[in-house]
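Lettering of chains follows the sequences in order, A, B, ..., and the numbering in each one begins at 1.
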Amino acid sequence: MGNKTVLYSTHQAMNGKLVDFGGWDMPLHYGSQIEEHHKVRQSSGMFDVSHMTVVDVKGADAKAYLQGLLANDVSKTEILLGKALYSGMLNPQGGVIDDLIVYNMGSWFRTVVNCGTREKDLAWMNKVAADFQVELIEREDLAMIAIQGPEAIARTKAVVSKACAALIDSLAIFQGLASDGWFIARTGYTGEDGLEIMIPNTEAVAFWNALAEAGVAPCGLGSRDTLRLEAGMNLYGHEMDDSISPLVANMGWTIAWQPSERNFIGRDVIQAEKTTGVKQKLVGLILRERGVLRAEQLVTIEGNSEKGVITSGTFSPTLGYSIALARVPTGALTGSHCFVEMRGKQVLVEVVAPNFVRNGKQVF
Amino acid sequence: MSEIRKELKYLSSHEWARVEEDGTVTIGITQHAQDALGDVVYVEMPEVGSTVSIGEEAGVVESVKAASDIYTLVSGTVVAINEALQESPETVNSSPYDDGWFFRVQPDDLDELDEALSADDYRELLESEE
């Protein structure tokens, strides 16, 4: 038996197919993950993401601590209260311990890290914290529900308090603000507009049920994965891990190189890597004929003896054919072709930028 | 427990077979198999006129989650395939025992079906896997 979120019984009552995910019993789908995928692209869907780990960072050195801990620079969030920042947390060897979101809460910061990496993240964050005046507070009292899709915001506003509805109206994209014990952020992991809302565990079931009554479709981890993959978003353990540099994982945009004196953990290694040139990079692959690209399939580029590998692959419900993210030698250029070994056959696939669908539309 | 039909024969790899009135044998995958696979997105079938043999891959079913080989319960010649699955592979999920059939075989030796699992054997197998 795994860990259960406060919504576990609700998922059961809604016929969720519950599977183990990073030690948690989570819904894979509630009937059809493809239908759930379309709901999010076309109207609205909701995901229980309470398994994710919320850690509040408080204390006099909170900013300095995070500036050392993270490859992105939290000073970027000072332009706006509640500003969210995506960052890698690197080890001294320049590998990715985890990817996370950090919110500027005014005098402190809120971070959201992955559930599968919770223990090593907390161990590392606490170890680094020893040199700083900071307090790390894990928020197990909070549930988190992501409501995503073109109609997500309107439908959510219809079931929350007037104060929360006004707060939602005020939110910029990638901003989160608190009201009455709720924290509402205009963020997500689907490539659609929407919200991620952290609320006290005690209020989660009622809120979920109210959203369902308002026509928001319950969606499982299956569609969450196909949605994030279409949006070209990384999944920890697939596109990156402790041995993979953020420069190889299409996370170069999340590294704040300036100011040059900000010496974040892992900086010297990835800076040297950047200077000499990265040997691999993340690309998108598409297969317009039948068949589904799968993680761990090998990628061959003509004229290059070094093989690449698919890090995530799936059938894209929006496009109607298979897409994948792959880590390949830097010789493989966007717009060219390569071969993927699928079930013993070499299959020709197209190479594109690692981003397929945003806001319901094809983007490559 | 997923639906198991009394009149069908089964393989431990979760295919079913039905003997039709004309002596041909229809092959598909079980309710349990479609549930384990999740949404089916492609079905690859043998060609009409080709031969299929017990123990050899006769086709492939691909879901969002995984690809799985399809095996026949009798050796013989393929006389029909379910063309509708090319356009609507999700029929395998919604109707695995009826509209979601895969292909039909003119068997070389119908007695081969005696080697397959009965509905009771298959139920026991599923219970032991749970």
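Heavy atoms of Ser316(A) lying under 4.5 Å from chain B are absent altogether. With a threshold of 4.5 angstrom between heavy atoms, Glu289(A) approaches chain B through N, CA, C or O but not through any side-chain atom. Neither the backbone nor the side chain of Glu90(B) comes within less than 4.5 Å of any heavy atom of chain A. For a residue to count as touching a neighbouring chain, one of its non-hydrogen atoms must lie under 4.5 Å from one of that chain's; by this rule Asn93(B) does not touch chain A.
The heavy-atom pair separating Ala67(B) from Arg343(A) by the smallest distance is CB-NH1, 3.7 Å. Contact detail for Tyr321(A) and Tyr42(B): the closest heavy-atom pair is CA-OH, 3.6 Å. Summarising the geometry of Ser32(A) relative to Asp39(B), their closest heavy-atom pair is OG-OD1, 2.9 Å, with the distance given to 0.1 Å.
Arg290(A) contributes a side-chain N or O that, together with a main-chain N or O of Val43(B), makes up a donor-acceptor pair within less than 3.5 Å.
Within a 6.0 Å sphere centred on CD of Glu7(B), other residues, nucleotides and ligands contribute more than 12 heavy atoms. Taking a 6.0 Å sphere around CD of Glu20(B), one finds it holds more than 12 heavy atoms contributed by other residues, nucleotides or ligands. In the displayed structure, Glu296(A) atom CD is contacted under 6.0 Å by at most 12 heavy atoms of other residues, nucleotides or ligands.
Residue-level contacts of residues 228-237 of chain A with chain B do not occur; threshold 4.5 Å between heavy atoms.
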